[in-house]
**Student:** 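Here it is, the structure, as structure tokens.
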Number of protein chains: 2
Amino acid sequence: MPLNNNQNNAPAVHRAIDIIEFISSSQREVSFSEIVESLDIPRQSLIRILNALCDRGFLDKSGQRGLYRIGLKFLYLGHGLPDKYEFRTVAWKYMKELSQKTLKTIELSSLDRDQLILLEQIRGQEEMSLYSRVGSVIPYLHAVSVGKVYLSLMDEDKRRRVIGKIGLPAVTKYTITDTKRLEDEIRETQKRGYGFEDQELREGVRRVAAPVFNADGKHVGCIGLSATVFSFGLDELDRYGQMVLDAAGKTSAELRQISQHSL
Amino acid sequence: MPLNNNQNNAPAVHRAIDIIEFISSSQREVSFSEIVESLDIPRQSLIRILNALCDRGFLDKSGQRGLYRIGLKFLYLGHGLPDKYEFRTVAWKYMKELSQKTLKTIELSSLDRDQLILLEQIRGQEEMSLYSRVGSVIPYLHAVSVGKVYLSLMDEDKRRRVIGKIGLPAVTKYTITDTKRLEDEIRETQKRGYGFEDQELREGVRRVAAPVFNADGKHVGCIGLSATVFSFGLDELDRYGQMVLDAAGKTSAELRQISQHSL
DNA sequence: ATTTTTAGTACCATATTTGGTATATAATTT
DNA sequence: AAATTATATACCAAATATGGTACTAAAAAT
């Protein structure tokens, strides 16, 4: 796997990305030797790549003792995305509405490389650490409302492939780990139009999510609502479900309109 | 400049970054040929690098017609930063306080590679496009409250170097373009402790900003407040100035405390 | 102050990436 | 449906980035 015999490779680029990911995952500033030891890149080559990344602002060693950390360039590049993934800007408006009405945490997610990614988030009243950070990814489609929506809308083949990739691991004791039950759940999701998750990803947290479609009718993301079990009772499920459906529906409608105008 | 004779270079990495910056700056999805024409990288080499960047999620071509755009990986890496640039999390608390008290736009900025960078932002009541996006950089230290604070706290040498780099261009008709006047302004900033800018970067917008210091006494950033001229009268200058000074002061104090505990 | 560890530079032969050309495949236009 | 354009792959000789080794400089640790 690491040794790719194919010459369409750009090894220096892969190494650079390995370095960036290593530093990012270590969640703190790291020293040169830590990188050498962890990454199996020769010293000399490593230095060259580190210098290049620092020169361009992708890494930064102006902090403590010249240790390396992720550069602020990523802040810029990360925040430049909203403009390009167009539906983010449109969805934002309706997410805000939802947030004001419910005071719950509202999230916009999408599927990227077979993983769920959190694109945007408006934090709710409840000050607790149920929030993931924007940009974080979750591979467990079977354990999240958003994931269930995605599964319910993909064709049989893709669904099997995506699930086959990681299986149905139990994230909490409530996670669905049985194929039959998941199939039922997916059918239920198709019927309702929105996805629901009851502490299956994190104990004490419930979520609902509804799909956003672009002008071509392609499913591009989900608007979701999260809350603790204390403030999101099971009797409120349909109320919140309808609310996310409404917000997602409005977003899809606006996306259709926009593309008509631009014809 | 582009041809570096030195062998500590990692050209493939520089090329990869050129590509990423080109795509990011074009503010839309770009085709292969656009990149070839703009960047002077041979086709074959370009493809190799593009493939590497796509494989790793730094670029994405799943959008329209297989055009290239910035990948969602940057979202993740960008949002991972707050944890590492420690003062962001501490400042956030006091920024929120300020935001609730004033309903104005509150911003946290820093200096990175001689440019001001917007690290964090809480949008105010006024729904208008005075907001820059998080991660955006401004080289005009002389035209922004935050920049004036930075200038007022750096030693003579660095100040001259930073200003020498871009001079004193007029961004609006109110921008200070005269060295003498800037020096006066810097002295005034030193006296007051906070920086002020009156439509010098954007017409109709006023800003104040105060410095945050880390436990070692190093100036690491500024907490600022922005508003339109309609909601930020000149008679309110000192009131808002004192408020940002207060928020920044509390942040610095907490940074000192944290480092004491960890001894 | 001295030693030890760590980070980075210089040098250079070799192996590897690189980038021509030709070719294949997909998308778009006529 | 055929022609044209755009994008990507295959191949291979040449050039160049790579990564040994040896050396320097700067921090930590003693």
Side-chain angles (χ1 to χ4, degrees), chain A residues 1-20 22-23 26 28-56 58-71 216 218 263, chain B residues 1-20 22-23 26 28-56 58-71 216 218 259 262-263:
Chain A
M1 215 79 130
L3 283 168
N4 200 328
N5 47 352
N6 167 335
Q7 60 268 61
N8 278 33
N9 218 317
V13 176
H14 277 286
R15 284 177 167 180
I17 295 174
D18 287 337
I19 293 166
I20 290 165
F22 171 72
I23 295 176
S26 77
R28 57 190 173 74
E29 311 189 350
V30 300
S31 68
F32 178 81
S33 23
E34 281 180 276
I35 307 175
V36 169
E37 281 157 31
S38 313
L39 288 188
D40 185 47
I41 299 173
R43 307 179 74 79
Q44 182 64 6
S45 311
L46 181 58
I47 287 186
R48 269 194 282 258
I49 297 170
L50 286 173
N51 282 337
L53 292 173
C54 287
D55 286 351
R56 307 295 294 268
F58 275 55
L59 292 181
D60 177 291
K61 61 170 171 178
S62 61
Q64 294 283 69
R65 297 197 317 131
L67 299 178
Y68 293 92
R69 57 181 176 179
I70 299 296
D216 305 328
K218 193 190 158 205
L263 284 182
Chain B
M1 216 84 125
L3 285 169
N4 199 327
N5 48 352
N6 166 337
Q7 60 267 62
N8 280 32
N9 219 318
V13 176
H14 277 285
R15 282 176 167 180
I17 295 175
D18 287 337
I19 294 166
I20 289 165
F22 171 71
I23 295 176
S26 79
R28 56 188 174 76
E29 312 190 350
V30 300
S31 67
F32 178 82
S33 23
E34 280 180 275
I35 307 175
V36 170
E37 281 157 29
S38 313
L39 287 189
D40 183 48
I41 298 174
R43 307 181 75 78
Q44 181 66 5
S45 310
L46 181 57
I47 287 187
R48 270 196 279 258
I49 296 171
L50 286 173
N51 282 338
L53 292 172
C54 288
D55 286 350
R56 307 294 295 267
F58 275 54
L59 292 180
D60 177 292
K61 63 170 168 179
S62 61
Q64 294 281 72
R65 297 195 316 132
L67 300 178
Y68 293 91
R69 58 180 176 181
I70 300 295
D216 305 330
K218 194 189 159 204
S259 86
S262 66
L263 286 181

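Per chain, numbering begins at 1; letters A, B, ... match sequence-line order.
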**Student:** Please determine whether a side-chain nitrogen or oxygen atom of A:Ser33 lies at a distance below 4.0 Å from atom OP1 or OP2 of C:dA7.
**Tutor:**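 Yes, because at least one side-chain N or O of A:Ser33 sits under 4.0 Å from OP1 or OP2 of C:dA7.
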
**Student:** Please tell me if the side chains of A:Ile35 and A:Leu50 come closer than 4.5 Å, counting only heavy atoms from C-beta onward.
**Tutor:**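 Contact flag for A:Ile35/A:Leu50 side chains = yes.
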
**Student:** Mind calculating the distance between CD1 (A:Ile41) and C1' (D:dG20) to the nearest angstrom?
**Tutor:**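 It works out to 16 Å between those atoms.
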
**Student:** To the nearest Å, give me how far apart NE2 (B:His14) and C1' (C:dT17) are.
**Tutor:**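 Distance, rounded to whole Å: 17 Å.
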
**Student:** From CD of A:Glu29 over to P of C:dA7, roughly how many Å is that when rounded to an integer?
**Tutor:**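 Interatomic distance, CD of A:Glu29 to P of C:dA7: 13 Å.
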
**Student:** Let me know, please, whether A:Leu50 or A:Ala12 comes out on the 5' side of the other along DNA chain C by nearest nucleotide.
**Tutor:**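 Final value for this comparison: A:Leu50.
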
**Student:** In this structure, how many angstroms lie between the C1' atom of D:dA6 and the CG atom of B:Leu46, rounded?
**Tutor:**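 To the nearest whole Å, that distance equals 13 Å.
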
**Student:** Looking at every non-hydrogen atom in both residues, tell me the closest pair between B:Arg15 and B:Ser45 and how far apart they are.
**Tutor:**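 Taking B:Arg15 first and B:Ser45 second, the nearest heavy atoms are NH1-CB, 3.7 Å.
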
**Student:** For B:Ile47 and C:dT25, give me the distance from atom CD1 to atom C1', rounded to whole Å.
**Tutor:**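 The distance from CD1 of B:Ile47 to C1' of C:dT25 comes to 12 Å, rounded to the nearest Å.
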
**Student:** Report yes if a side-chain nitrogen or oxygen of B:Ser31 is closer than 4.0 Å to either non-bridging phosphate oxygen (OP1 or OP2) of D:dA6; otherwise report no.
**Tutor:**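 So the side-chain polar atoms of B:Ser31 never come under 4.0 Å of the phosphate oxygens OP1 or OP2 of D:dA6.
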
**Student:** Rounded to whole Å, how long is the line connecting atom CD of B:Gln44 with atom P of C:dG20?
**Tutor:**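 Distance check: B:Gln44 CD to C:dG20 P gives 10 Å.
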
**Student:** Under 4.0 Å from OP1 or OP2 of C:dT6: is there any side-chain N or O of A:Tyr68 that close?
**Tutor:**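 Indeed not, no polar side-chain atom of A:Tyr68 lies that close.
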
**Student:** How far apart are the C-alpha atoms of B:Ile19 and B:Ile41, what are their side-chain angles, what is the distance that settles it, and do they pass the side-chain contact (heavy atoms from CB on, under 4.5 Å) test?
**Tutor:** CA-CA 10 Å; B:Ile19 294 166; B:Ile41 298 174; 4.2 Å; yes

**Student:** Just N and O in the side chain of B:Arg48: are any of them under 4.0 Å from OP1 or OP2 of D:dT7?
**Tutor:**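 For D:dT7, neither OP1 nor OP2 has a side-chain N or O of B:Arg48 closer than 4.0 Å.
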
**Student:** What integer distance in Å separates A:Arg15:CZ from D:dG19:P?
**Tutor:**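 Computing the A:Arg15:CZ to D:dG19:P distance gives 4 Å.
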
**Student:** So do B:Ile70 and B:Leu59 actually touch side chain to side chain, heavy atoms under 4.5 Å?
**Tutor:**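 B:Leu59 reaches B:Ile70 side chain to side chain.
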
**Student:** Just to confirm, is there a sub-4.0 Å distance from OP1 or OP2 of D:dA8 to any side-chain nitrogen or oxygen of B:Lys61?
**Tutor:**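 Answer is yes, contact under 4.0 Å.
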
**Student:** For B:Ile49 and A:Arg43, take the nucleotide of DNA chain C holding the closest heavy atom to each; which residue's nucleotide lies nearer the 5' end?
**Tutor:**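 Going by which nucleotide is closer to the 5' end, it is A:Arg43.
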
**Student:** With respect to the side chain of A:Phe32, which nucleotide from D:dG19, D:dT18, C:dA7 is positioned closest?
**Tutor:**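 It is C:dA7.
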
**Student:** How close do B:Phe22 and B:Glu34 get, heavy atom to heavy atom, and via which atoms?
**Tutor:**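 Distance-wise, the nearest heavy atoms are CZ-O, 4.1 Å.
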
**Student:** Just how far, in rounded Å, is P of C:dA7 from CG of A:Leu67?
**Tutor:**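 Computing the A:Leu67:CG to C:dA7:P distance gives 8 Å.
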
